[in-house]
Amino acid sequence: WLKRVNGALQVQASFSVTLSLDPLTAAPELVGREIRNHLDAAEIRERRCVVALPLRWAMAAHAPLPQLPEADVASFLQIEAERSFPCDVATLVIATSFCQAASGQRHAAILGVPRNQVATLEAVLRAAKLQPESFSLGITALQPADRDGALALTIGESHVGLQVTCGGGVVAVRALEGAMETEGGRRTLRGDLVAREARITLGQL
């Protein structure tokens with residue numbers, strides 16, 4: 001819970017819970033009530049929120065941009081998305097991040113999230129009496145893009161998120177499935193798998 005104080009944001013409270021209901025399969029009213037109960041128990045009354053979508057929901061494509069008038073870039077990216085994604089792009093919420101390589105070549109990372117899953121999550125939030133201000137992938141907020149380049153990793157419950165930024169934009173995002181294993185009730189990070197997949201991603205770029 002953030003509050004603006006003297007022009008800056010300050011953390012007022014924070015908490016973490018695991019929902020007993022799946023937001024995508026359970027009734028939105030029931031999931032919303034569970035979320036509202038947790039917020040009430042934490043004495044958080046704020047209605048506006050920002051939402052981090054699971055990285056596993058996202059599909060990603062990468063495309064170098066040819067020399068085109070700026071007015072034609074959107075139609076070019078539409079064709080690239082239709083060619084790259086294994087579904088009708090009308091069923092996706094699409095976001096694009098641009099970057100520029102040292103050579104001057106511009107590139108675009110095209111990210112797509114199933115529209116029906118976002119709509120279901122919106123219904124859950126409305127049932128929880130929350131007003132979402134934005135939806136994004138959490139890793140893109142944790143590691144903003146810079147021109148020098150960075151590889152960021154986030155450890156989740158069952159996977160590791162990977163993001164590569166360079167040239168002022170996002171170049172690649174992936175959810176590394178199988179990077180987390182549970183043995184004897186303890187979660188273990190498979191560093192060898194993370195290192196291998198990071199090398200593969202950088203090699204593809």
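All heavy atoms count here, side chains included; hydrogens, waters and symmetry mates do not. Just so it is clear, the structure is predicted and the values come from calculations on it, not from any experiment.
The side-chain heavy atoms of Leu111 and Ile94, taken from C-beta on, include no pair separated by under 4.5 Å. Side-chain contact between Lys129 and Arg33: present, with at least one pair of heavy atoms (C-beta onward) separated by less than 4.5 Å. Annotation: side chain of Val73 is in contact with side chain of Glu70 (closest heavy-atom distance under 4.5 Å). Annotation: side chain of Cys87 is in contact with side chain of Leu92 (closest heavy-atom distance under 4.5 Å). With a 4.5 Å cut-off on side-chain heavy atoms, Leu151 and Leu202 count as touching. Using a 4.5 Å cut-off on side-chain heavy atoms (C-beta onward), Leu137 and Val170 make no contact. Leu162 has its side chain out of reach of Glu197: every pair of non-hydrogen atoms, C-beta onward, lies at least 4.5 Å apart. At least one side-chain heavy atom of Glu177 sits less than 4.5 Å from a side-chain heavy atom of His159.
The CG atom of Asn116 sits 7.5 Å away from the OG1 atom of Thr91 when rounded to the nearest 0.5 Å. Distance check: Thr96 OG1 to Glu80 CD gives 11.0 Å after rounding to the nearest 0.5 Å.
Note: His62 and His107 have parallel aromatic rings, judged against thresholds of 30 and 60 degrees for the angle between ring planes.
What you find for Ile139 and Ala152 is that their closest heavy atoms are CD1-O, 3.8 Å. Heavy-atom minimum distance, Val160 versus Met180: CG2-SD, 4.2 Å. Listed here is the closest heavy atom pair of Gly169 and Cys99: N-CB, 3.8 Å. Of all the heavy atoms in Leu55 and Gly161, the pair that sits closest is CD2-CA, 3.5 Å. Heavy atoms only, all atoms of each residue included: Val124 and Pro28 are closest at CG2-CA, 3.9 Å.
The closest donor-acceptor contact from the side chain of Glu34 to the backbone of Leu19 lies at 3.5 Å or more, if one exists at all. Judged purely by atom type and a 3.5 angstrom limit, Arg190 has no side-chain atom pairing as donor or acceptor with the backbone of Ala179.
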Pair Leu121, Leu53 - check side-chain contact (heavy atoms from CB on, under 4.5 Å), show working. CA-CA 9 Å; Leu121 192 53; Leu53 299 175; 3.6 Å; yes

Just do the side-chain contact (heavy atoms from CB on, under 4.5 Å) check on Arg45 and Asp40 with the steps written out, would you? CA-CA 7 Å; Arg45 305 286 182 254; Asp40 289 346; 3.6 Å; yes

Pair Phe98, Leu77 - check side-chain contact (heavy atoms from CB on, under 4.5 Å), show working. CA-CA 11 Å; Phe98 297 96; Leu77 293 176; 3.7 Å; yes

Lys3 and Gln10: CA distance, side-chain angles, deciding distance, side-chain contact (heavy atoms from CB on, under 4.5 Å) verdict: CA-CA 5 Å; Lys3 188 174 182 180; Gln10 294 184 1; 5.7 Å; no

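Salt bridge Arg4/Glu46: absent, no basic N to carboxylate O contact under 4.0 Å. Salt-bridge annotation for Arg186 and Glu183: absent, with no side-chain N of the basic residue lying under 4.0 Å from a carboxylate O of the acidic one.
Val31 and Leu39 fall within a single hydrophobic cluster, where Ile, Leu, Val, Met, Phe, Trp and Tyr are joined by side-chain heavy atoms under 4.5 Å apart, directly or via other members.
At a cut-off of 3.5 Å, with distance as the only test, no side-chain donor of Thr140 or Gln163 sits close to an acceptor on the other residue.
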